[in-house]
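For the numbers below, each heavy atom of this structure counts, side chains included, while hydrogens, waters and symmetry mates do not.
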Amino acid sequence: MTKFRKLGRPTGHRMSMLRTMVSQLVKHERIETTVAKAKEIRRLADNMVQLGKEGTLHASRQAAAFVRGDDVIHKLFTELAYRYKFIDRTNELRQAKPATPQQPERPTMDPWTRSRLTRQFAPPKEETIIESNE
């Protein structure tokens, strides 16, 4: 789990709060909270559902280390894992980012064309004429 929002709390309090809120979200399937907390909880809940979909012993131990309550772990690995088994969660809840504008394709210029263009727009060189008086 990567960097979190601080949420105005010390680390221990913040992690405890997030663990409790994720557990309550899994248990009741709906909670009421602020937008910033909801964004953090969504990340963590998605990870817990992914662990439930894996269904391995290692995944269940990882989930048990984070969420609180045996009933929550059971629900993650039975009901929610079955519900979201064939859904790609990384693309379902996230809104698509707008496409970055692409640069227009320009025809490639060979070096000779480029040098001719620079000569065309470069100021003319002044020619010095040396006259000799003999």
Looking at Leu7, is its backbone amide N or carbonyl O close enough to the side chain of Lys37 to form a donor-acceptor pair, meaning the two atoms are under 3.5 Å apart?
no
Side-chain contact, heavy-atom cut-off 4.5 Å: Glu29 with Leu80?
yes
Decide yes or no for Ile41 and Ile31: does some side-chain heavy atom of the first lie under 4.5 Å from some side-chain heavy atom of the second?
yes
Does any part of the side chain of Leu44, heavy atoms only, come nearer than 4.5 Å to the side chain of Phe66, both counted from C-beta?
yes
Looking at OG1 of Thr34 and NZ of Lys39, how far apart are the two atoms once the value is rounded to the nearest 0.5 Å?
10.0 Å
Check against side chain to side chain contact (heavy atoms under 4.5 Å, CB included), Lys75 and Lys27
CA-CA 7 Å; Lys75 187 171 184 176; Lys27 186 175 183 178; 5.7 Å; no
The criterion is side-chain hydrogen bond (donor to acceptor under 3.5 Å, both in side chains); which residues satisfy it with Ser16, sequence neighbours excluded?
Arg68
Considering non-hydrogen atoms only, spot the tightest contact between Ala81 and Gly52 and give its length.
CB-O, 3.2 Å
Residues in salt bridge (Lys or Arg N to Asp or Glu O under 4.0 Å) contact with Glu79, at least two apart in sequence or another chain
Arg83
Residues two or more places apart in sequence or in another chain: which of them pass side-chain contact (heavy atoms from CB on, under 4.5 Å) with Ala63?
Met48, Leu51, Leu76, Phe77
Who are the salt bridge (Lys or Arg N to Asp or Glu O under 4.0 Å) partners of Arg5, not counting sequence neighbours?
Glu40
Can you name the residues that form a side-chain contact (heavy atoms from CB on, under 4.5 Å) with Arg61, not counting sequence neighbours?
Leu57
With sequence neighbours left out, what residues match His28 under side-chain contact (heavy atoms from CB on, under 4.5 Å)?
Gln24
Could you give the distance from CG (Leu18) to NE2 (His13), rounded to the nearest 0.5 Å?
9.5 Å
